[in-house]
Amino acid sequence: MSATTTLHSVSVRPALSADEEALGELDRSTWSTLHAVMPRPQPPYDPFFDERHRPEDFLVAEAVTEAVTESGAPDGSGGTRIAGYIRLVPPTPLACNAHVRQIQGLAVAAWARGAGVGRTLLRAACAEARRQGANRITLRVLGHNTPARALYASEGFAVEGVLSGEFFLHGRYVDDVLMGRSLAP
């Protein structure tokens, strides 16, 4: 009998150093030509956290889950699992740019997709950026990543620029789309 996972609730918290293994596995499992400009990771894997990717730069979505059998009965294997992450950083080290935060990574586990985890992480990133004193948030997304672009647009992000043919991926040129929004209330 196969089991499916049901999400009961999702909460967002700052990442911890102890999350490194789980976040590394999530990052590798969500690698896709839809969003990645780097080659697929191969063992031995680099650490998820390093001097440029610090735990304090990440928010983590945790989901309370319950696995159920095809008949709908709980199979006893539930719990709290990391469902996704978002990376939020200043786009540059310049003081004149300190009012901006940039999303530089968003991943949602396959089992958690379609349950609002990405949207929850986006909203949490906007709230955290405001808490840090930012009044603007930006991101970059590949032009062919239609699902991500639709999510960002539905949360108030607008296309602010397009770098046409910025990347050559898998035999074709792909646009780099710059999106942003105000964080004003």
Side-chain angles (χ1 to χ4, degrees), residues 7 10-15 23 26-41 48 50 52-54 56-61 63 82-185:
L7 267 72
V10 175
S11 60
V12 177
R13 63 167 174 80
L23 290 174
L26 174 64
D27 196 54
R28 291 186 294 276
S29 72
T30 58
W31 185 95
S32 165
T33 58
L34 194 58
H35 64 79
V37 296
M38 300 294 289
R40 180 183 296 276
F48 184 80
D50 60 28
R52 289 189 56 238
H53 302 86
R54 304 166 308 152
E56 56 267 28
D57 298 335
F58 291 84
L59 296 174
V60 172
I82 290 180
Y85 72 78
I86 195 164
R87 180 172 180 245
L88 181 70
V89 295
T92 73
L94 303 172
C96 61
N97 195 219
H99 64 287
V100 180
R101 289 297 176 272
Q102 188 170 68
I103 293 169
Q104 293 185 357
L106 170 63
V108 175
W111 57 265
R113 291 191 185 140
V117 174
R119 186 175 307 280
T120 299
L121 282 164
L122 266 181
R123 290 177 179 174
C126 289
E128 176 60 17
R130 277 189 208 95
R131 190 193 69 73
Q132 292 177 15
N135 64 20
R136 189 170 150 59
I137 189 166
T138 63
L139 58 86
R140 297 168 66 170
V141 59
L142 294 178
H144 65 258
N145 193 343
T146 306
R149 291 180 63 183
L151 172 62
Y152 301 144
S154 75
E155 288 297 315
F157 286 82
V159 173
E160 297 181 340
V162 177
L163 301 174
S164 297
E166 184 73 0
F167 298 105
F168 188 73
L169 301 171
H170 312 287
R172 65 186 188 115
Y173 292 99
V174 178
D175 296 345
D176 189 10
V177 179
L178 313 176
M179 300 182 79
R181 61 163 280 191
S182 169
L183 291 172

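At distances below 3.5 Å, at least one donor-acceptor pair connects side-chain atoms of R113 with backbone N or O atoms of V108. Using modelled atom types, one side-chain atom of R130 and one backbone atom of L183 make a donor-acceptor pair closer than 3.5 Å. Using a distance-only test at 3.5 Å, with no hydrogens or angles considered, no donor-acceptor pair links the side chain of N145 to the main chain of L142. In this structure a side-chain-to-backbone donor-acceptor pair under 3.5 Å is missing from H53 to R87. The backbone N or O of T33 lies less than 3.5 Å from a partner atom in the side chain of H144, making a donor-acceptor pair. Between the side chain of R140 and the main chain of D176, no donor-acceptor pair closer than 3.5 Å is present.
The SG atom of C126 sits 14.0 Å away from atom CZ of R131, with the distance rounded to the nearest 0.5 Å. If you take CG on L34 and CG on L169, they are separated by 11.0 Å, rounding to the nearest 0.5 Å. Rounding to the nearest 0.5 Å places CD of E160 at 9.0 Å from CG of L139. Here the CG-CG distance, from L106 to L122, works out to 6.0 Å after rounding to the nearest 0.5 Å.
Ring planes of F58 and F48: tilted class, angle from 30 to 60°.
Pairing each heavy atom of R181 with each of E155, the nearest pair is NH1-O, 2.9 Å. L88 and A125 get closest at one heavy-atom pair: CD2-O, 3.4 Å. Counting all heavy atoms, side chain and backbone alike, S182 lies closest to A184 at OG-N, 3.0 Å. In plain terms, the two heavy atoms of R149 and V159 that are nearest each other are NH2-CG2, 4.0 Å. Closest approach of R101 to A134, counting heavy atoms only: CG-CB, 3.8 Å. The shortest non-hydrogen separation linking P91 to N97 is CG-OD1, 3.1 Å.
At a threshold of 4.5 Å between non-hydrogen side-chain atoms, the residues R119 and S154 count as touching. Using a 4.5 Å cut-off on side-chain heavy atoms (C-beta onward), L121 and V117 make contact. Within the 4.5 Å cutoff, no side-chain heavy atoms of V141 are placed close to those of F157.
Taking the ring pair (Phe, Tyr, Trp, His ring centres under 6.0 Å) definition, one finds that Y173 meets it with F168, sequence neighbours left out.
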